[in-house]
2 protein chains.
Amino acid sequence: MELSANSATVGPDGAGLGGELRSTVARLFRRFRAERPEGALGDTALEVLSRLQKHGPQTLTELSEHDRVSPASMSQSVDRLTSAGYAVRARDMHDRRKVLFSATPDGVELARTARAQRNSWLNARLNALSAEDRRTIARACTLLGDIADS
Amino acid sequence: MELSANSATVGPDGAGLGGELRSTVARLFRRFRAERPEGALGDTALEVLSRLQKHGPQTLTELSEHDRVSPASMSQSVDRLTSAGYAVRARDMHDRRKVLFSATPDGVELARTARAQRNSWLNARLNALSAEDRRTIARACTLLGDIADS
DNA sequence: ATAATTCTTTAGTATACCTAAGGAGTTCGA
DNA sequence: TCGAACTCCTTAGGTATACTAAAGAATTAT
């Protein structure tokens, strides 16, 4: 990883930053995935479960738009949740084209414990940084989240 | 519900910065992938090609360790490159268990143009930020790169 | 009532990762 | 020196996650 000098990564037009960012994100993503415990649900399924737990029942379209994924992909992901008993389908009574997904008690429990397990090494590393570095990362998350949504 | 030292910055069940970071990285990663032009090589293949172009011939093990991926996975990824004519295999003459991979002229050309295409969208958005925000992201890249390698 | 639209699912395909098991080459020790 | 142990790579089989295209089901508009 030749991150090298700031002058190289933050040039007059930010030319090299894009490639740098792409590569860093890809490696972090793989690293996160590699931390998954044996036999656990995948990243996507787990994030969906978290979302259902935090925000209540959601339709397929809402879920797929939040994750920027096609409805077909999301359908598959929630399928893994429902067939494992962590979420349930229910027809929306006001618009019966829609299907509302919600987490079961098992799902809520799994979401909590799995999230804690999966984030433990990450949180340990973040806590080893200075408060200022954590603020930098928090600020970058906000900026990058906006870019992801643009 | 203890309020120990780390709970101020990192939530008790990973709902704080760690969870935020994980979610942001996952969404950015998917967004990057979605920007891939039709019929192009996948992310992994392209990054391998870039690496071969920049650092010269490498063994499978070197490539797989750099990307934190099993040798078997890397073998598959490189297969796509060789069967498309963008890279070639060559037995290492000093240790004939090893296989050295190198980019062909076609591969070098593809790596350059594909990288430029794929980063144009991202660079445009980064350039729309303030210089300070770009510095924040550059700094976060360094911090996060270290975490990915830890 | 029929047509168009919206929401979800199914089917088929591709990328990218894994573990397990094997082949081929090298190194080391009896 | 010969075989055991080790290293490097590949193959085989499986999983997770994504896509497009097209079908199925419910709603809304004409």
Side-chain angles (χ1 to χ4, degrees), chain A residues 26-49 57-84 86-101 114 118, chain B residues 25-49 57-84 87-101 114 118:
Chain A
R27 297 196 338 170
L28 253 192
F29 182 82
R30 279 193 291 261
R31 185 73 158 90
F32 289 168
R33 188 165 49 191
E35 287 297 318
R36 168 160 38 118
E38 271 302 315
L41 286 172
D43 269 307
T44 309
L46 208 52
E47 284 210 33
V48 168
L49 200 50
Q58 316 252 315
T59 68
L60 186 76
T61 301
E62 284 166 348
L63 291 170
S64 73
E65 285 178 351
H66 178 262
D67 276 3
R68 306 192 79 78
V69 140
S70 73
S73 301
M74 186 51 73
S75 189
Q76 277 184 314
S77 292
V78 290
D79 241 27
R80 276 190 290 279
L81 288 178
T82 55
S83 56
Y86 297 129
V88 289
R89 285 178 156 78
R91 225 66 217 199
D92 182 328
M93 282 312 153
H94 304 299
D95 183 345
R96 289 161 50 77
R97 288 170 302 184
K98 298 181 183 175
V99 176
L100 286 168
F101 296 91
R118 292 157 71 115
Chain B
V25 164
R27 294 191 344 171
L28 252 192
F29 181 81
R30 283 193 287 262
R31 185 72 159 91
F32 289 167
R33 189 165 47 191
E35 286 298 318
R36 169 157 39 116
E38 271 303 315
L41 286 172
D43 270 306
T44 309
L46 206 53
E47 284 211 32
V48 168
L49 200 50
Q58 316 251 313
T59 68
L60 187 77
T61 300
E62 285 166 347
L63 291 172
S64 73
E65 285 179 352
H66 178 261
D67 275 3
R68 298 182 135 325
V69 139
S70 74
S73 301
M74 187 50 74
S75 190
Q76 278 184 318
S77 292
V78 164
D79 244 22
R80 274 192 289 281
L81 288 177
T82 55
S83 56
V88 289
R89 285 179 155 77
R91 225 67 216 197
D92 182 327
M93 282 312 152
H94 305 300
D95 183 345
R96 289 159 50 75
R97 290 169 301 183
K98 299 181 181 175
V99 176
L100 287 167
F101 295 91
R118 292 157 73 116

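Residue numbering restarts at 1 for every chain, and letters A, B, ... go by the order of the sequence lines.
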Contact nearer the 5' end of DNA chain C, comparing A/Glu62 with B/Asp43: A/Glu62
Taking all atoms of both residues into account, what is the closest heavy-atom pair of B/Arg31 and A/Arg68, and its distance? CD-NE, 3.5 Å
Answer whether the closest heavy-atom distance between the side chains of A/Val48 and A/Leu63 falls below 4.5 Å. yes
Output yes when a side-chain donor or acceptor of A/Arg89 lies under 3.5 Å from a complementary backbone atom of A/Leu100, and no otherwise. no
Counting any heavy atom closer than 4.0 Å, what does A/Arg30 reach on the DNA or RNA strands: base, sugar-phosphate only, or nothing? sugar-phosphate
Atom-pair distance (CE on B/Met74; P on C/dC17), nearest Å: 7 Å
Respond yes when some side-chain nitrogen or oxygen of B/Ser75 is under 4.0 Å from OP1 or OP2 of D/dC9, and no when none is. no
Looking at every strand, decide which applies to A/Ser70 at a 4.0 Å heavy-atom threshold: base, sugar-phosphate, or nothing. base
By nearest atom, which of the nucleotides C/dG12, D/dT10, C/dA11 is closest to the A/Gln76 side chain? C/dG12
Give a yes or no answer on whether the side chain of B/Arg27 reaches the backbone of A/Asp67 with a donor-acceptor pair at less than 3.5 Å. no
Minimal non-hydrogen separation, A/Thr44 against A/Ser77, with atom names: CG2-OG, 3.7 Å
D/dA18 phosphate, OP1 or OP2, under 4.0 Å from A/Thr44 side-chain N/O: yes
Between A/Asp92 and B/Arg33, whichever has its closest DNA chain D nucleotide further toward 5' is B/Arg33
Hey, does the side chain of A/Arg97 come within less than 4.0 Å of D/dG24's phosphate (OP1/OP2), counting only N and O? no
Whole-Å distance between D/dC19 P and B/Arg31 CZ? 12 Å
Is B/Arg91 touching bases, backbone alone, or none of the nucleic acid, heavy atoms closer than 4.0 Å? nothing
Any side-chain N or O of A/Arg80 less than 4.0 Å from the OP1 or OP2 oxygen of D/dA16? no
Round to a whole Å and report the spacing from CG of A/Leu46 to P of D/dT17. 9 Å
To check you understand the geometry: which heavy-atom pair defines the closest contact between B/Met74 and B/Ser64, and what is its length? CB-CB, 3.7 Å
Nearest heavy atom decides the nucleotide; on that basis, is B/Val99 or A/Val69 closer to the 5' end of DNA chain D? B/Val99
A/Ser73 vs D/dT17: side-chain N/O to OP1/OP2 distance below 4.0 Å: no
Result for 5'-nearest mapping on DNA chain C, choosing between A/Asp79 and B/Ala45, is A/Asp79
Closest to side chain of B/Asp95, choosing from C/dC18, C/dT9, C/dT26: C/dT26
Could you check how far CZ of A/Phe29 sits from C1' of D/dA16, rounded to whole Å? 10 Å
In this structure, how many angstroms lie between the P atom of D/dT28 and the NE2 atom of A/His94, rounded? 13 Å
Whole-Å distance between C/dG25 P and B/Leu100 CG? 16 Å
How many whole angstroms separate atom NZ of A/Lys98 from atom P of D/dT28? 10 Å
Whole-Å distance separating the CZ atom of A/Arg89 from the P atom of D/dA26: 15 Å
Distance test, side-chain N/O of B/Thr61 to OP1/OP2 of D/dC9, below 4.0 Å: yes
Considering only side-chain heavy atoms of B/Phe101, which listed nucleotide, D/dT20, C/dC17, D/dT10, is closest? D/dT10
Given D/dC8, is OP1 or OP2 found less than 4.0 Å from the side-chain N or O atoms of B/Arg96? no
